[in-house]
Amino acid sequence: MSPTAPDKPSLHGLEHKWAERWEADGTYRFDRTATRDRVYAIDTPPPTVSGSLHIGHIFSYTHTDTIARYQRMRGREVFYPMGWDDNGLATERRVQNYFGVRCDPSLPYDPDFVTPDSRKASDRPVPVSRPNFVELCNRLTASDEKTFEAVWRFLGLSVDWTMTYATIDERSQRASQRGFLRLLARGLVYQSEAPTLWDVDFQTAVAQAELEDREQPAAYHRLRFLGPDGIPVEIDTTRPELLPACVALVAHPDDERYQPLFGTTVTTPLFGAPVPVKAHRLADPEKGTGIAMICTFGDVTDVIWWRELTLPTRIVVERDGRMRDTHPPHDFWAHGADRVWDELRGRTLKQARTRIVELLRESGELVGEPQAITHSVKFYEKGNRPLEIVTSRQWFIRTLGHTDEFLARGNELSWHPPYMQARYESWVRGLNSDWLVSRQRFFGVPLPLWYPIGEDGAVDHDRPLYPQEARLPVDPSTDLPDGYNESQRDRPGGFTGDPDILDTWATSSLTPQIAGGWEDDPNLFARVFPMDLRPQAYDIIRTWLFSTVVRSHFEHGSVPWHHAALSGFVLDPDRKKMSKSKGNVVTPLPLLEEYGADAVRHWAASGRPGVDTAVDPGQLKVGRRLTIKVLNASKFVLSRVGEPIGPGTKAAGPAGVTEPLDRAMLARLADLVDDATTAFDGYDYARALERTEAFFWAFCDDYVELVKSRAYGSRGDEGAASADRALAMALSTILRLFAPFLPYVSDEVWSWWQQGSVHRAPWPESAALRVAAVDGDPLVLDVAAATLGGIRKAKTTAHVSMRAEVAHLVVRDTAPRLAALAGAAADVGEAGRVTKMVTEDAEAFSVDVALGEPS
RNA sequence: GGGCGCUUAGCUCAGCUGGCAAGAGCACCGCCCUUACAAGGCGGCGGUCGGGGGUUCGAGUCCCUCAGCGCCCACCA
């Protein structure tokens with residue numbers, strides 16, 4: 001059988017051809033009979049299904065795929081599933097915009113509902129029931145997932161596509177609810193009625209991990225309170241509209257200015273409410289006037305003060321971000337304060353602020369004019385308005401008090417790059433609240449709980465009812481707690497389902513368990529858990545990585561995986577962070593189509609682990625050129641090779657390579673294999689690629705040129721055979737080294753002369769190459785290449801063709817290097833078209849090139 | 001306020017445990033239709049490796065310090 005390289009090799013259509021072949025052959029199918037020690041398990045990040053893939057996905061997933069392919073070639077059975085993160089707010093938001101609907105849980109299910117069509121952006125959203133809304137979510141995510149899968153396949157991810165999951169599917173819901181109930185049974189999860197950060201647009205509580213600070217314009221308003229002896233006490237506030245919720249003033253215990261006031265009572269402006277003056281260490285004497293008003297609740301410090309100073313609660317802000325429209329219990333407001341309140345009630349906070357400032361100004365209790373400042377305010381990372389603090393009943397997983405355990409688990413992990421561990425540790429050390437997992441949303445895993453309703457109609461939250469694990473997953477809005485029937489739902493003496501869902505992270509923190517078949521498939525789980533690798537981008541260390549460690553620690557008493565590989569971010573060509581609002585998001589499909597998947601992968605894989613990398617058309621062209629070069633160089637090599645040469649064939653034997661230059665190249669190649677292997681074992685795919693690529697170009701430019709004429713037979717069969725065998729060994733090795741990065745072109749070329757897929761071929765081993773190289777000295781190749789370079793330079797300088805004859809060549813160099821050159825003198829002579837070559841001992845390398853026909 | 005990373009040719013970046021007479025690609029300039037490759041090949045120009053100090057026979061590479069950029073965490077009346 002002889003190799004069959006096409007006359008005109010092309011990249012066109014390779015993706016389609018090979019994606020189909022791999023699927024048909026099950027090239028990446030996981031063999032679940034493999035024992036744990038042979039398995040390499042990857043906890044693939046389930047991308048958020050929200051319309052279209054981002055170039056950042058391509059970047060990070062390519063990194064993972066190179067490692068997956070490397071491990072597979074090293075003989076590991078790679079467990080490489082794909083998940084879709086479709087539950088949660090991102091999907092809800094997309095569904096609202098896409099279909100023009102709004103979820104109203106109070107509506108009954110409408111089985112005949114059809115989505116509104118031909119609507120305009122200005123149209124009001126159509127209210128739909130929760131079940132209808134969830135149906136729409138399922139419909140849209142199903143189609144989005146198809147689109148995503150198509151892009152992943154185009155990119156050439158070596159995922160086992162028979163192993164997919166979605167974070168909203170039944171398996172995930174079961175795992176999520178089971179995990180929750182087990183924590184509940186162990187007291188690691190609890191509910192609490194407490195002030196929590198609240199997004200007034202999404203109308204849900206928000207966890208610490210989902211916060212971000214944003215700089216916002218604001219203004220200090222100086223308000224005059226009335227002290228015990230009629231002496232004014234002035235405070236600065238950015239939230240004057242919260243004055244009716246003021247429950248105390250606070251200053252630092254050591255602040256001599258205010259020490260006389262501690263324990264006394266002052267009166268609030270406008271409302272005339274008597275409030276105590278308290279001392280607390282968190283009060284900052286440098287801020288404002290050094291004494292602050294405590295409101296329920298303006299910010300998290302208010303909550304701390306309120307709790308630690310046991311202050312009363314006076315709520316004026318509603319969950320929708322407006323002033324409440326009723327009279328709050330105002331037993332301590334002064335007579336007449338109702339008239340002030342009537343000016344504020346029901347208004348938005350912004351309107352209320354404007355109005356109260358006017359009122360304060362009129363009453364003379366605003367001191368001076370507001371001073372504009374800029375300060376940072378907490379936002380929900382997906383939100384548009386500052387978070388408020390609202391008291392509500394929520395469920396929490398206990399994370400406080402476990403800091404040392406979490407840090408210890410962090411130490412058990414190998415971090416790539418290592419400095420990423422610092423981000424994890426600073427997050428763990430900074431935890432200041434338990435993990436809030438309940439959300440007041442609709443599309444997600446329901447909390448698997450019901451509550452009894454007393455004969456008096458009061459819901460008894462303290463005695464939740466929960467299902468046996470065998471019943472999971474349950475939807476408490478339609479399923480029944482044991483011992484009840486449907487007629488008792490929401491009735492006195494009956495029960496009510498918990499209306500909330502679990503936060504996305506409460507489910508995706510279990511991806512190793514979900515993908516690995518925890519409890520559902522113990523046989524599989526034992527083979528893959530704890531997994532080997534968690535690949536992800538560094539921005540979600542505090543969410544996904546941390547929460548997965550927490551769940552695994554609590555549930556299994558182990559780390560969820562042994563390695564964490566953190567990818568950087570993709571920046572736009574101007575090195576700015578990409579965001580939808582800036583409109584600089586790069587979508588991957590056009591790049592894949594223009595440059596080819598291998599070139600896009602080449603760009604991605606050239607981004608160092610953890611390092612932000614810009615989209616660079618130049619780099620994409622480099623990748624494109626490389627893949628074309630692989631095709632052409634391979635075609636040349638195979639035109640010299642009479643039969644397949646690889647492990648087990650005759651040319652693999654050491655006897656085949658006799659020429660010093662060929663041996664030198666193989667020795668260099670062996671070093672390369674060691675380099676690339678070491679790099680990959682350290683998760684440095686970029687280094688492996690860079691080394692391979694550098695070798696390959698030098699191989700083409702120097703070695704191939706040097707042996708070309710000998711390979712054509714200029715010096716007899718033996719010299720040609722040596723070259724052919726070395727070329728074939730090199731090609732086989734190079735293709736396998738490139739395979740993790742350029743899966744399409746490498747398998748294409750592999751198929752020209754080898755059996756099976758290169759992606760199931762063994763990773764090259766340097767030992768075999770060293771045997772073939774015998775005593776090969778890399779110096780031979782170095783000096784030969786340098787000499788050839790000198791000849792080329794002379795010809796270029798003389799503006800003559802590379803085919804021009806060299807009448808007389810003098811090579812000067814040190815004795816050892818000249819000795820090395822002697823072994824390749826004939827090759828150099830033929831490649832440079834040198835008629836007569838002489839050497840002279842010298843301190844340093846130089847050449848004299850006399851062009852022209854031999855005299 | 002605490003921490004991490006980065007700062008090397010015009011641009012994007014390699015240079016891992018100190019030995020480099022400082023590298024690659026892109027861009028730029030020039031040459032070459034050479035039978036693997038002209039959507040190519042070959043060659044050239046270009047940097048006092050952010051500043052300053054130190055250790056060393058020797059520092060882009062280690063230590064100290066300063067500066068700029070980016071990010072993480074904490075705090076925010």
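In what follows, every heavy atom counts, from backbone to side chain, and hydrogens, waters and symmetry copies are set aside. Bear in mind that the values here come from a model prediction, so they are computed numbers and not experimental data. Numbers restart at 1 for each chain; the letters A, B, ... are given by sequence-line order, proteins then strands.
Classified by interplanar angle (parallel below 30°, tilted 30° to 60°, perpendicular above 60°), the ring pair A/Phe546/A/Phe406 is perpendicular. The aromatic rings of A/Phe696 and A/Phe699 lie parallel to each other, their planes meeting at an angle below 30°, with 60° marking the opposite boundary. Ring planes of A/Phe680 and A/Phe741: parallel class, angle under 30° (limits at 30 and 60°).
Rounded to an integer number of Å, the gap from CD1 of A/Ile734 to P of B/A36 is 17 Å. Atom NE2 of A/His602 and atom P of B/A24 are 16 Å apart (whole Å). Distance CG (A/Leu638) to C1' (B/U35): 17 Å, rounded to an integer number of Å. Look at CZ on A/Arg429: it is 14 Å from C1' on B/C72, rounded to the nearest Å. When rounded to the nearest whole Å, the span between CZ of A/Arg625 and C1' of B/C26 equals 9 Å. Between A/Leu631 atom CG and B/A39 atom C1' there is a gap of 14 Å when expressed in whole angstrom units. Across the protein-nucleic acid pair, A/Glu805 atom CD and B/U34 atom C1' stand 13 Å apart, rounded to whole Å. Across the protein-nucleic acid pair, A/Asn632 atom CG and B/A39 atom C1' stand 12 Å apart, rounded to whole Å.
When distances run from any side-chain atom of A/Arg542 to the nucleotides B/G41, B/C73, B/C32, the shortest one goes to B/C73. Taking every side-chain heavy atom of A/Trp697 into account, B/G41 is the closest of B/C76, B/G41, B/A36. Comparing atom distances between the A/Arg803 side chain and each of B/C31, B/A36, B/U35 picks out B/U35 as nearest. Checking B/G30, B/G41, B/A36 against the side-chain heavy atoms of A/Ala633 singles out B/A36 as nearest. With B/U35, B/A36, B/G43 as the candidates, the nucleotide lying closest to the side chain of A/Cys700 is B/A36.
The ring of A/Trp415 has its center closer than 6.0 angstrom to the ring center of A/Tyr424. Between A/Tyr538 and A/Phe569, a ring centre-to-centre spacing shorter than 6.0 Å is recorded.
Atom C1' of B/C69 sits at a distance of 23 Å from the matching atom of B/G53, rounded to the whole Å. Comparing the P positions of B/U7 and B/A14 gives an interatomic distance of 7 Å, to the nearest angstrom. Spacing of P atoms, B/C11 relative to B/A67, comes out at 24 Å, to the nearest Å. Using C1' as the reference atom, B/G5 and B/C13 are 16 Å apart when rounded to the nearest Å. For the C1' atoms, the distance from B/G40 to B/C16 is 34 Å, rounded to whole Å. As rounded to the nearest Å, B/A21 and B/C49 have C1' atoms that lie 15 Å from one another. Taking atom P on both B/G51 and B/G47, the two are 15 Å apart, rounded to the nearest angstrom. If you take atom P in B/C45 and the same atom in B/U56, they sit 38 Å apart, rounded to whole Å.
The base of B/C75 sits with one of its N or O atoms less than 3.5 Å from a complementary donor or acceptor on the side chain of A/Asp213. On a pure distance criterion of 3.5 Å, a polar donor-acceptor pair joins the side chain of A/Ser376 and the base of B/C76.
Between A/Thr797 and A/Lys8, the residue anchored closer to the 5' end of RNA chain B is A/Lys8, taking for each the nucleotide with the nearest heavy atom.
For A/Glu748, the side chain to side chain donor-acceptor pair (under 3.5 Å) test picks out A/Lys17, A/Trp18, A/Trp752, with sequence neighbours left out. Under the side chain to side chain donor-acceptor pair (under 3.5 Å) criterion, A/Arg222 pairs with A/Asp236, sequence neighbours left out. The side chain to side chain contact (heavy atoms under 4.5 Å, CB included) test applied to A/Arg691 returns A/Leu672, A/Asp675, A/Arg687, not counting sequence neighbours.
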Inset, instruction - Quick one, give me the B/S/- string for nucleotides 3-19 of chain B, reading 5' to 3', where B means a protein heavy atom under 4.0 Å from the base and S means that only happens at the primed atoms, P, OP1 or OP2. - result: -SS------SSSSB---
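Phosphate contact (OP1/OP2 of B/G40, side-chain N/O of A/Lys629, threshold under 4.0 Å): absent. Regarding contacts with the backbone of B/U34, every side-chain N or O of A/Lys795 stays at 4.0 angstrom or more from both OP1 and OP2. Neither OP1 nor OP2 of B/C42 sits under 4.0 Å from any side-chain N or O of A/Arg792. The shortest distance between the side-chain N/O atoms of A/Lys793 and the OP1/OP2 oxygens of B/C42 is not below 4.0 Å.
With hydrogens and angles left out, the side-chain atoms of A/Arg812 and A/Ser846 include a donor and acceptor closer than 3.5 Å. No donor-acceptor contact under 3.5 angstrom links the side chains of A/Glu234 and A/Thr289, judged on distance only.
Inter-residue side-chain proximity for A/Asp213 and A/Lys378 is flagged as met; some heavy-atom pair is nearer than 4.5 Å. Within the 4.5 Å cutoff, side-chain heavy atoms of A/Arg710 are placed close to those of A/Asp662.
Pairing analysis of RNA chain B (Watson-Crick: purine N1 to pyrimidine N3 plus N6-O4 or O6-N4; G-U wobble: N1-O2 and O6-N3; both under 3.5 Å) yields stems of 3 or more pairs at B:1-7 with B:67-73, B:10-13 with B:23-26, B:28-32 with B:40-44, B:50-54 with B:62-66.
B/C72 adopts an anti glycosidic conformation, its chi angle falling more than 90° from 0.
Among the heavy atoms of the strands lying under 4.0 Å from A/Asp284 is at least one base atom, whether or not backbone atoms are also near.
Within 6.0 Å of CD in A/Glu215 there are more than 12 heavy atoms belonging to other residues, nucleotides or ligands.
Residue A/His602 is tested with A/Arg625, A/Glu693, A/Arg624 for a side-chain hydrogen bond (donor to acceptor under 3.5 Å, both in side chains); the sole match is A/Glu693.
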If you restrict it to nitrogen or oxygen atoms, what contacts under 3.5 Å exist between nucleotides 60-63 of chain B and the protein, and what is each distance?
none

